[in-house]
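Below is one structure, written out as structure tokens; the observations come after it.
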Amino acid sequence: MKLENTLKYRSVWMGIAMLWVVLYHSSGTLAGYSFFKNIGYGGVDLCLFASGAGCYYSLCKNSDFFGFAKRRLLRIFPTYWCFLPFWFIYAFKAFEMKVPDVIGNIFGVQNFTGKNTAFNWYISAILLFYILAPYLKMVCDKVGALPKQLLVVALLFAFSVPFWNNFTLIVTVTRLPIFYLGMIFAKSSTRTRVSFEVGM
């Protein structure tokens with residue numbers, strides 16, 4: 001299968017990634033279960049890799065940031081907000097959640113406050129990556145050859161070092177290189193471009 005054809009199945013990748021994350025947060029005793037559970041964060045990494053590729057294609061199609069942001073936010077916030085009321089019912093009892101915590105969760109930025117009242121760190125991370133996506137695409141397009149691209153990946157990993165003592169932030173910043181790798185993968189596939197609808 002050609003490289004560009006694999007990108008047509010990004011939705012399948014993300015479906016597998018979501019099932020993997022669900023497995024990580026579940027319990028069971030099936031053979032081999034503990035191995036896949038222990039590496040369950042790989043599901044998040046796969047999802048962010050696919051998202052990086054999708055953002056690259058979306059920005060190639062239309063580089064207008066506000067149009068890009070609108071399309072992306074409409075993909076995540078309606079579903080996210082549907083689950084928030086259930087979370088708040090639980091969190092008010094478990095965490096003594098206050099009004100600022102509620103507002104931070106509604107807008108997906110609570111994870112950056114350093115408190116343990118964030119509904120989902122992934123939402124905060126993906127919003128940050130969406131803001132950075134146009135700049136990362138610009139870097140990806142200008143850097144060129146793969147060795148130089150890998151140097152950018154290494155620099156992004158190095159950027160995460162100051163955050164290693166803060167778990168709520170490190171789970172986000174260490175994923176930025178993975179998101180960028182998705183962009184590199186998408187760019188590589190465009191060299192033998194096959195036209196297909198990205199659905200963005």
Side-chain angles (χ1 to χ4, degrees), residues 1-22 24 39-65 67-77 79-80 108 111 120-161 163 169-200:
M1 181 180 288
K2 292 182 178 179
L3 178 64
E4 65 271 13
N5 289 337
T6 65
L7 289 168
K8 292 181 182 180
Y9 302 101
R10 281 183 299 106
S11 295
V12 176
W13 303 0
M14 296 180 93
I16 293 169
M18 286 181 225
L19 290 174
W20 198 358
V21 170
V22 169
Y24 174 78
I39 59 172
Y41 275 116
V44 175
D45 298 334
L46 181 58
C47 208
L48 286 171
F49 180 88
S51 185
C55 285
Y56 185 89
Y57 277 124
S58 185
L59 288 164
C60 282
K61 190 177 179 181
N62 185 349
S63 61
D64 173 56
F65 174 74
F68 166 78
K70 179 182 176 182
R71 291 191 302 274
R72 286 287 163 169
L73 294 180
L74 286 174
R75 289 174 68 114
I76 61 171
F77 268 127
T79 305
Y80 172 65
N111 191 61
N120 189 336
W121 70 266
Y122 181 85
I123 295 296
S124 298
I126 202 66
L127 287 177
L128 174 63
F129 295 172
Y130 288 165
I131 292 169
L132 295 175
Y135 303 102
L136 292 174
K137 180 188 179 294
M138 181 178 64
V139 171
C140 189
D141 287 340
K142 288 187 175 180
V143 166
L146 185 59
K148 292 181 180 178
Q149 295 284 13
L150 295 179
L151 178 60
V152 174
V153 173
L155 290 173
L156 289 173
F157 271 117
F159 172 75
S160 71
V161 172
F163 300 95
L169 295 179
I170 195 64
V171 295
T172 297
V173 262
T174 52
R175 271 26 187 266
L176 188 56
I178 296 166
F179 184 82
Y180 185 74
L181 281 169
M183 288 190 154
I184 296 172
F185 190 77
K187 182 188 175 187
S188 297
S189 76
T190 60
R191 290 175 184 169
T192 52
R193 186 184 297 272
V194 170
S195 110
F196 66 94
E197 189 64 40
V198 250
M200 309 283 170

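Basis for what follows: all heavy atoms, side chains included, without hydrogens, waters or symmetry-related copies.
Atoms OG and CE, on Ser188 and Met183 in that order, are 13.0 Å from each other to the nearest 0.5 Å. Put simply, NZ on Lys148 and NZ on Lys142 are 13.5 Å apart, with the number rounded to the nearest 0.5 Å. To the nearest 0.5 Å, the span separating OG on Ser189 from OH on Tyr56 amounts to 8.5 Å. Here Leu127 contributes atom CG and Leu73 contributes atom CG; the two are 6.5 Å apart, rounded to the nearest 0.5 Å. Between atom CG of residue Leu169 and atom OG1 of residue Thr174 there is a gap of 10.5 Å, rounded to the nearest 0.5 Å. For the atom pair CG (Asn111) and OG1 (Thr172), the distance works out to 5.0 Å, reported to the nearest 0.5 Å.
Panel note: side chain Ser63, backbone Leu59; no donor-acceptor pair is recorded below 3.5 Å. A donor-acceptor pair under 3.5 Å is formed between the side chain of Ser124 and the backbone N or O of Gly108. A donor-acceptor contact shorter than 3.5 Å links the side chain of Ser160 to the backbone of Phe157.
The two residues Ile170 and Phe163 come nearest to each other via the heavy atoms CB-O, 3.6 Å. In terms of heavy-atom proximity, Cys55 sits nearest to Phe179 at SG-CZ, 3.7 Å. The two atoms that bring Tyr57 and Ala186 nearest to each other are OH-O, 3.5 Å, heavy atoms only.
When each of Arg72, Arg75, Arg71 is paired with Tyr130, the side-chain contact (heavy atoms from CB on, under 4.5 Å) condition holds for Arg72 and for no other.
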Result block: side-chain N/O donor-acceptor pairs under 3.5 angstrom for residues 44-51, not counting sequence neighbours:
unit_1, atom_1, unit_2, atom_2, d
Asp45, OD1, Arg175, NE, 2.6

Only distances under 3.5 Å count here; give the side-chain donor-acceptor pairs of residues 131-140 to other protein atoms, sequence neighbours excluded, each with its distance to 0.1 Å.
unit_1, atom_1, unit_2, atom_2, d
Lys137, NZ, Asp141, OD2, 2.6

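Enclosure of atom CZ in Phe159 is not indicated, since only 12 or fewer non-hydrogen atoms of other residues, nucleotides or ligands lie within 6.0 angstrom.
Residues Leu156 and Val173 fail the side-chain proximity criterion, which asks for heavy atoms closer than 4.5 Å.
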